[in-house]
*Asks:* 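Just passing along the structure, written as structure tokens.
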Amino acid sequence: MNAPEPTFTPNRMTYREACKQALREALLSDPRVFLMGEDIGRYGGCYAVTKGLLEEFGEERIRDTPLSESAFVGAGVGAAMAGMRPIVEIMTVNFSLLALDQILNNAVTIPHMSGGQFAIPLVIRMATGGGRRVAAQHSRSLEGWYAHIPGLRVLTPATVEDARFMLKSALADPNPVIIFEHVMLYNMEGDFPSDMKEVDIARAKVHRAGRDVSLITYGGSLFKALQAADALSSEGIDAEVIDLRTLRPLDTKTIIDSVARTRRCVIIDEGWRSGSISAEVGMRIAEEAFFELDAPLRRVCSREAPIPYAAHLEDACLPQAATIVAVARELVRPS
Amino acid sequence: MTKKVYLDHAHLLHLLKAMIRIRHFEAKCVELYQAQKILGFLHLYDGEEAVSVGVMEALTPEDAIIATYREHGQALARGVDPKCLMAEMMGKLNGCCRGRGGSMHFFDRKRRFYGGNAIVGGGLPLALGVALADKMQRRSAVTACFFGEGAVDEGEFHETLNLAKLWRLPILFVCENNLYSMGMAVERAEADIDFVHKASGYRVAGEKVDGMDVVAVESAARNAIDRIRSENDPYFLECRTYRFRAHSMFDAQLYRSKEEVEAWRKKGPILRFQTWLEANRLIKPEEIAAMEKEIDFEIAEAVAYAEAGGLEPISELERFVTMDEVPA
């Protein structure tokens with residue numbers, strides 16, 4: 001057995017470590033919790049999130065699975081129906097398509113279709129997003145698709161704090177929850193107060209208050225939006241940055257309140273523009289705050305193409321801080 | 001080695017009655033469908049009754065069931081209340097799922113009936129999870145997982161059998177091979193139609209059983225369950241059977257001949273068992289008459305219960321989309 005991990009005291013750690021400590025806490029606090037997924041055990045996790053958990057908790061609770069996404073996600077659904085609290089890791093959102101039938105037709109459908117006889121307290125974690133030069137089949141951002149589905153809760157921790165504490169909220173939810181961890185965040189370091197024990201997943205968070213324009217985003221785009229806000233600030237434009245945190249159910253109130261203050265809005269979403277979560281956010285603003293707006297709604301999304309391998313093409317495909325700055329500037333100071 | 005089914009008079013009557021109940025229940029469903037009181041899909045189990053009845057005899061109340069979309073027989077044989085099932089067929093609030101599931105989606109938590117599933121193969125991974133949960137919670141329950149031979153075409157079958165064996169899960173795989181997946185004849189869909197052989201590819205032991213012979217099915221299922229419990233391993237039963245009626249109510253049956261259907265009807269599970277009982281003087285004509293009368297009374301009661309049932313208020317439509325708590 002490895003040396004024990006520090007027990008939840010450090011308040012500065014990487015996003016990866018925060019994910020791991022969240023899993024450890026869950027395993028230590030509830031004997032019904034167990035983990036399933038590809039290479040989570042001996043390999044230590046594709047992104048090294050689960051490294052050391054097999055040695056600490058053993059093979060019964062840290063279950064390496066074969067490459068059978070549909071079977072092990074469905075097994076998670078069945079185990080949740082029969083009294084356990086499974087946490088299933090799908091290596092990346094791209095592979096979750098192989099398990100989509102189990103997620104959509106079973107996990108989110110059975111509670112309603114059985115007339116409330118069964119709940120499915122299942123947590124699915126998966127990596128999402130681009131930026132690692134691994135081409136289209138490993139770089140998609142499909143969290144917006146999942147946010148389309150009634151019955152799911154969709155969490156997108158963008159900070160170390162949320163990576164550390166959203167899992168606890170997810171496990172407390174009697175419904176299926178998907179946690180999307182953006183691949184570019186695992187090495188990011190961050191702080192949270194040492195006495196912090198949980199986060200409220202019902203609310204979006206205003207990361208930076210501003211008067212001139214709201215930058216609304218989530219996940220891997222949060223830090224691009226914060227960078228953009230810094231750059232805009234040097235030009236005298238005061239941007240507000242909102243982290244949606246939970247894509248379903250959306251915290252519409254925080255969005256509307258922000259837009260009512262700034263009267264301008266750019267939505268930044270790594271998903272494709274057409275039919276995206278940014279479209280949903282924009283439409284809610286149009287429905288509920290149309291007359292608060294001083295300018296048309298704008299979006300910065302991924303280009304509508306499979307994410308290419310070549311670095312210059314991938315960078316051009318994904319939302320970037322410079323694009324956000326340009327779009328926000330044009331909105332506040334039309335040329 | 002092979003365990004004999006204890007065929008006392010009461011048990012023989014019980015098996016026959018369980019099969020006739022399913023047949024008559026479904027005949028009433030067809031009437032109600034024609035009267036447009038049952039809508040949507042209606043996949044009849046007609047001809048396959050011996051499979052469910054035989055397998056359920058081998059299960060205890062602690063065991064779990066994963067069913068198919070042709071699950072009227074599976075639910076009735078498990079002992080789910082025909083009243084709640086008929087009300088569900090008619091989309092009523094007093095149905096087992098408050099009218100949200102209908103014919104293809106019966107659930108009964110109390111009887112560990114984990115649902116009819118209308119995605120072919122979609123129930124197989126659930127069986128893994130239910131069996132794993134039982135095993136991890138140190139319960140000795142077995143999960144009986146029903147599926148048609150069409151599910152063998154799906155990846156879930158292969159993924160599930162592999163994991164069941166790898167993790168040594170207590171699952172009884174019950175392949176209801178009725179020879180057609182909708183209109184696709186098994187030999188037109190499968191390069192290898194020996195399903196026991198396929199299961200053995202995952203080192204899951206199994207056997208073929210005559211799915212038209214209720215005693216043979218019960219005997220095989222009892223042996224299989226004993227083996228699963230004692231050897232801590234999954235087991236596979238291929239029950240060769242036949243559906244006498246169309247795939248669903250929308251099927252013109254262009255893919256098979258009337259002669260073929262008639263030939264199978266002569267081998268029907270109820271006809272065959274009843275004829276055998278009569279020939280061996282194990283049942284009296286008046287016992288059959290009394291049994292049928294009781295069943296028809298039970299079904300009439302179920303219909304009356306369903307007819308009297310109210311409708312789920314539309315204001316409740318979104319209830320249970322998310323649950324407030326995990327039911328105890």
Side-chain angles (χ1 to χ4, degrees), chain A residues 31-34 36 59-61 63-86 88 98-99 101-122 149-153 172-177 248-249, chain B residues 64 66 88 93 95-102 105-110 112 114-119 121-137 139 141 143 154-156 158-164 166-167 169 312 317-327:
Chain A
R32 299 170 301 176
V33 169
F34 69 101
M36 281 191 283
E59 286 191 343
E60 189 172 42
R61 296 182 75 195
R63 307 187 80 94
D64 273 322
T65 65
L67 312 187
S68 305
E69 285 83 0
S70 188
F72 69 74
V73 171
V77 178
M81 290 174 85
M84 300 298 284
R85 293 291 182 276
V88 174
L98 296 162
D101 173 53
Q102 290 299 322
I103 296 170
L104 180 54
N105 281 317
N106 283 341
V108 303
T109 302
I110 286 172
H112 188 262
M113 197 163 65
S114 69
Q117 291 185 68
F118 293 95
I120 315 285
L122 168 68
I149 302 173
L152 264 188
R153 187 184 287 276
D173 192 323
N175 300 292
V177 179
R248 187 182 189 99
Chain B
I66 304 285
E88 187 61 28
L93 179 57
C96 59
C97 302
R98 307 168 68 102
R100 287 138 184 262
H105 306 292
F106 294 159
F107 287 79
D108 187 345
R109 183 183 182 83
K110 282 197 209 95
R112 299 205 79 196
Y114 287 92
N117 202 309
I119 304 294
L124 282 143
L126 297 182
L128 286 175
V130 172
L132 179 61
D134 284 335
K135 187 174 176 171
M136 289 182 79
Q137 291 169 99
R139 295 190 290 243
T143 297
E154 301 280 359
E156 277 78 5
H158 304 273
E159 294 186 8
T160 299
L161 260 76
N162 178 55
L163 260 171
L166 190 70
W167 287 354
L169 297 176
E312 175 95 282
L317 191 153
E318 278 132 358
R319 191 172 168 200
F320 309 125
V321 170
T322 53
M323 299 287 287
D324 298 330
E325 58 184 6
V326 178

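Just so it is clear, the values below take in all heavy atoms, side chains as well, and ignore hydrogens, waters and symmetry mates. To find a chain, count down the sequence lines: A is the first, B the second, and so on, and within it residues start at 1.
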*Asks:* In terms of heavy-atom pairs under 4.5 Å with chain B, which of A:Met84, A:Arg63, A:Arg153 leads?
*Replies:* A:Arg63
*Asks:* By a 4.5 Å heavy-atom criterion (distance strictly below it), what part of A:Pro111 contacts chain B: side chain, backbone, both, or neither?
*Replies:* both
*Asks:* Can you say whether B:Asp324 sits under 4.5 Å from chain A via the side chain, the backbone, both, or neither, judging by heavy atoms?
*Replies:* backbone
*Asks:* Could you pull out all residues at least two apart from B:Phe106 that satisfy ring pair (Phe, Tyr, Trp, His ring centres under 6.0 Å)?
*Replies:* B:His72
*Asks:* Measure distances from A:Gln102 to the heavy atoms of chain B and classify the residue's part below 4.5 Å as side chain, backbone, both or neither.
*Replies:* side chain
*Asks:* State, to 0.1 Å, how close A:Gln117 and B:Arg109 come at their nearest heavy-atom pair, and which atoms those are.
*Replies:* OE1-N, 2.7 Å
*Asks:* So, taking the atom named NZ in B:Lys135 and the one named CD in A:Glu60, what distance separates them when rounded to the nearest 0.5 Å?
*Replies:* 8.0 Å
*Asks:* B:Arg98 side chain to A:Gly115 main-chain N or O, any donor-acceptor pair under 3.5 Å?
*Replies:* no
*Asks:* Looking at every non-hydrogen atom in both residues, tell me the closest pair between A:Gly116 and B:Pro327 and how far apart they are.
*Replies:* O-CG, 3.8 Å
*Asks:* Look up atom CG in B:Asn117 and atom CG in A:Asp101, then write down how far apart they are to the nearest 0.5 Å.
*Replies:* 7.5 Å
*Asks:* Between B:Met323, B:Glu325, B:Glu312, B:Glu156, which has the largest tally of heavy atom pairs under 4.5 Å with chain A?
*Replies:* B:Met323
*Asks:* Can you tell me how far apart CZ (A:Phe118) and CG (B:Asp108) are? Round to the nearest 0.5 Å.
*Replies:* 8.0 Å
*Asks:* Provide the closest heavy-atom pair for B:Leu317 versus A:His112 in the form atom of the first, atom of the second, distance.
*Replies:* O-NE2, 2.8 Å
*Asks:* Let me know if B:Leu166 has heavy atoms under 4.5 Å from chain A in its side chain, its backbone, both or neither.
*Replies:* side chain
*Asks:* Got a second to check how far A:Ser70's OG is from B:Leu128's CG, nearest 0.5 Å?
*Replies:* 10.0 Å
*Asks:* Not counting sequence neighbours, which residues clear side chain to side chain donor-acceptor pair (under 3.5 Å) with B:Arg139? List them please.
*Replies:* B:Asp134
*Asks:* Could you tell me the separation between the OG1 atom of B:Thr322 and the CD1 atom of A:Ile120, rounded to the nearest 0.5 Å?
*Replies:* 13.0 Å
*Asks:* Do A:Thr109 and B:His105 come close enough that some side-chain heavy atom pair is under 4.5 Å?
*Replies:* no
*Asks:* To the nearest 0.5 Å, what is the distance between CZ on B:Phe107 and CD1 on A:Ile110?
*Replies:* 4.5 Å
*Asks:* Can you tell which of B:Thr160, B:Thr143, B:Leu124, B:Leu163 has the highest number of heavy-atom pairs within less than 4.5 Å of chain A?
*Replies:* B:Leu163
*Asks:* What pair of heavy atoms forms the shortest contact from A:Pro121 to B:Val326, and how long is it?
*Replies:* CG-CG2, 3.9 Å
*Asks:* Between chain B and each of A:Asn106, A:Val73, A:Leu98, count heavy-atom pairs under 4.5 Å; write down the option with the most.
*Replies:* A:Asn106
*Asks:* What part of B:Arg319 gets within 4.5 angstrom of chain A, counting heavy atoms only: side chain, backbone, both, or neither?
*Replies:* backbone
